[in-house]
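Beneath this line is the structure, given in structure tokens, with notes to follow.
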There are 4 protein chains.
Amino acid sequence: MLLLTLNQGDGVPLYLQLVSQIKALIATGRLIPDEELPAVRVLALQLVLNPNTVVRAYRELEMAGLVYKRRGAGTYVSAGVTPYTNDECRKLLAQRADALLVEGRNLGYPVEHLIVLLRERSAMLKGGASDDKERD
Amino acid sequence: MLLLTLNQGDGVPLYLQLVSQIKALIATGRLIPDEELPAVRVLALQLVLNPNTVVRAYRELEMAGLVYKRRGAGTYVSAGVTPYTNDECRKLLAQRADALLVEGRNLGYPVEHLIVLLRERSAMLKGGASDDKERD
Amino acid sequence: MLLLTLNQGDGVPLYLQLVSQIKALIATGRLIPDEELPAVRVLALQLVLNPNTVVRAYRELEMAGLVYKRRGAGTYVSAGVTPYTNDECRKLLAQRADALLVEGRNLGYPVEHLIVLLRERSAMLKGGASDDKERD
Amino acid sequence: MLLLTLNQGDGVPLYLQLVSQIKALIATGRLIPDEELPAVRVLALQLVLNPNTVVRAYRELEMAGLVYKRRGAGTYVSAGVTPYTNDECRKLLAQRADALLVEGRNLGYPVEHLIVLLRERSAMLKGGASDDKERD
DNA sequence: GTGGTCTAGACCACA
DNA sequence: GTGGTCTAGACCACG
């Protein structure tokens with residue numbers, strides 16, 4: 001079962017959250033070529049979403065060439081695709097980094113503190129218990 | 001001049017970004033009671049957005065009891081706002097940090113790379129850039 | 001169809017008139033829990049005002065806990081709204097009645113004239129007129 | 001001392017409340033020709049208003065020919081003016097009547113009940129104790 | 001179809 | 001000058 005985590009309230013469109021998380025799973029090989037994605041209805045049930053939202057996410061992925069559909073069968077990961085260019089990666093990460101920096105600045109934390117925090121959280125996430133997302 | 005940084009592309013409504021950032025500035029005492037906030041039109045000019053968007057942010061802050069308005073005069077920080085505890089600050093920052101870490105790991109970036117990126121972006125934010133574009 | 005009447009000329013913001021009238025309809029059980037309110041655009045058309053004005057009224061009602069929204073679906077009356085007591089109703093009406101009486105006395109109209117006027121206006125409001133213009 | 005009652009929160013502009021109340025006082029002879037109105041600052045103090053608001057009300061009255069000003073002396077009621085035409089009276093009263101009718105309808109009160117209420121309140125206002133406005 | 005956000009720009013009330 | 005309300009109309013997310 002796919003480990004996807006949606007954040008309903010933060011303003012980021014749900015289908016985009018899906019797209020980016022699935023992209024990342026493909027980019028890191030956790031979803032391998034020709035692996036089948038969950039059926040739309042199954043994923044919708046699992047994530048408590050409207051199926052159309054999943055449909056839209058899959059459609060975006062298909063248009064990006066990252067997955068392909070076989071009528072009556074399912075949705076599968078494409079082979080040999082690079083979901084992100086290096087530039088895209090950097091942009092995505094820069095956005096996250098900026099969010100951290102801005103929050104830090106507004107709360108009065110210098111960058112060095114943020115870096116310390118980052119190392120701490122990194123150790124925690126790797127170590128195990130986290131109130132947040134996935135692990136490997 | 002208020003240091004506020006908007007991220008136009010990340011899906012979070014602009015007025016909410018304003019609200020949470022100003023909330024942080026108040027809760028950490030960087031904006032003190034009865035201090036005047038920038039006029040709606042001034043802030044709108046500064047941030048290059050529509051005055052109504054600022055109006056809406058200020059209105060949310062007013063309803064949350066964080067600011068008060070004097071007709072024809074201006075908008076001011078309320079007194080008696082309960083400041084963020086250190087714990088609350090750390091929680092907010094940990095959320096942001098985790099988001100960065102997870103995205104980084106999904107894209108195959110080690111923590112040390114993220115830290116380099118963080119320093120780069122930090123320099124840029126201070127330099128004045130406020131959007132999510134890259135620049136060398 | 002919701003019976004709402006706006007008074008464009010009396011200085012009270014339109015969105016507030018909407019809020020208080022819908023509040024009254026809910027608090028007296030004339031709108032029941034989970035009943036769907038008219039769509040924003042529908043009500044805007046019906047009342048001949050800008051959809052954003054209705055949006056604002058609905059938003060205030062939502063923040064007051066009187067209605068809830070389902071994205072892409074509609075706006076619905078919340079359950080568990082504490083209804084107006086008879087006393088509260090009478091107080092609200094007494095305010096309006098007093099305003100009429102005071103104005104009438106200031107202008108030298110006896111109560112009986114006011115009652116005649118009230119009957120006339122009542123017939124007009126039922127007939128469909130919803131503005132403050134006279135008509136014979 | 002002028003008996004004026006302002007309703008700060010109801011959306012009706014303060015200066016308009018002043019204008020209409022003073023008009024009514026003139027119309028009913030409670031302010032007689034050449035009687036002096038309170039000085040702007042005095043009235044502003046009494047009503048806890050910005051003096052400019054009073055200035056504006058007096059200016060409107062002057063432009064309507066209802067009062068005149070003697071430089072260095074004060075503001076006085078004009079002679080032989082009719083503040084309201086019959087039509088204007090009816091419009092003002094119709095607005096009040098409509099407000100009562102709409103509130104009554106939204107609260108589920110038939111017109112006849114409103115009329116009963118009106119008589120009750122009328123008796124109360126004349127009798128004495130009222131949580132509201134003036135008397136004679 | 002629904003509501004949500006944002007822009008552009010109007011006019012008003014108030015200090 | 002300040003904030004407040006309203007209009008007109010754009011595009012987006014969601015069912």
- prompt: What integer distance in Å separates B:Tyr58:OH from F:dT5:P?
  reply: 17 Å
statement: Correct closest heavy-atom pair for A:Ala97 and B:Arg121 would be CB-CG, 4.1 Å
- request: Rounded to the nearest angstrom, tell me the gap between atom CZ in A:Arg59 and atom C1' in F:dG15.
  value: 13 Å
- prompt: Rounded to whole angstroms, how far apart are CG on D:Leu16 and C1' on E:dA13?
  reply: 9 Å
message: Heavy-atom nearest nucleotide on DNA chain F for B:Glu36 versus A:Pro13: which residue maps closer to 5'?
response: B:Glu36
- prompt: Do we see a donor-acceptor contact under 3.5 Å between the side chains of D:Arg105 and C:Thr5?
  reply: yes
task: Using side-chain contact (heavy atoms from CB on, under 4.5 Å) as the criterion, point out the one residue from C:Thr53, C:Val48, C:Leu47 that pairs with C:Asn50.
output: C:Thr53
task: Grab the CG-P distance between C:Leu6 and F:dT5 for me, whole Å please.
output: 15 Å
query: Where along residues 65-80 of chain C does a heavy atom fall under 4.0 Å from DNA chain F?
result: C:Arg71, C:Gly72
message: Restricting to non-hydrogen atoms, name the atom on C:Gly65 and the atom on C:Ser78 that form the minimum distance, rounded to 0.1 Å.
response: O-OG, 3.2 Å
- prompt: Looking only at side chains, do C:Tyr15 and C:Asn52 share a donor and an acceptor under 3.5 Å apart?
  reply: no
field: Nucleic acid contacts of residues 41-53 of chain C, taken as heavy-atom distances under 4.0 Å to DNA chain F
entry: C:Leu49, C:Asn50, C:Asn52, C:Thr53
- request: Find the distance B:Glu60:CD to F:dG4:P and express it as a whole number of Å.
  value: 13 Å
message: Nearest whole Å is fine: how far is F:dG3 C1' from B:Leu61 CG?
response: 14 Å
- line: When both distances are under 3.5 Å in a Watson-Crick or G-U wobble arrangement, the nucleotide paired with E:dC14 is F:dG1
message: Check the phosphate of F:dT5 against C:Tyr15, side-chain N and O only, distance under 4.0 Å to OP1 or OP2. Yes or no?
response: yes
query: Could you state the interatomic distance from CG (A:Leu66) to CG (A:Leu25), rounded to the nearest 0.5 Å?
result: 11.5 Å
- prompt: Taking atom P of F:dT2 as reference, at what distance in whole Å does atom CD of B:Glu62 sit?
  reply: 17 Å
- request: Output, in order, the C-alpha distance, side-chain angles, deciding distance and verdict of side chain to side chain contact (heavy atoms under 4.5 Å, CB included) for A:Tyr58 and A:Glu60.
  value: CA-CA 5 Å; A:Tyr58 280 15; A:Glu60 297 261 323; over 6 Å; no
message: So which atom in D:Gly74 and which in D:Glu36 form the shortest heavy-atom distance, rounded to 0.1 Å?
response: CA-OE2, 4.0 Å
task: Tell me yes or no: between the side chains of B:Asp10 and A:Gln95, is some donor less than 3.5 Å from an acceptor?
output: no
query: Hey, which of these two, C:Pro38 or B:Val12, hits DNA chain E nearer its 5' end, going by closest nucleotide?
result: C:Pro38
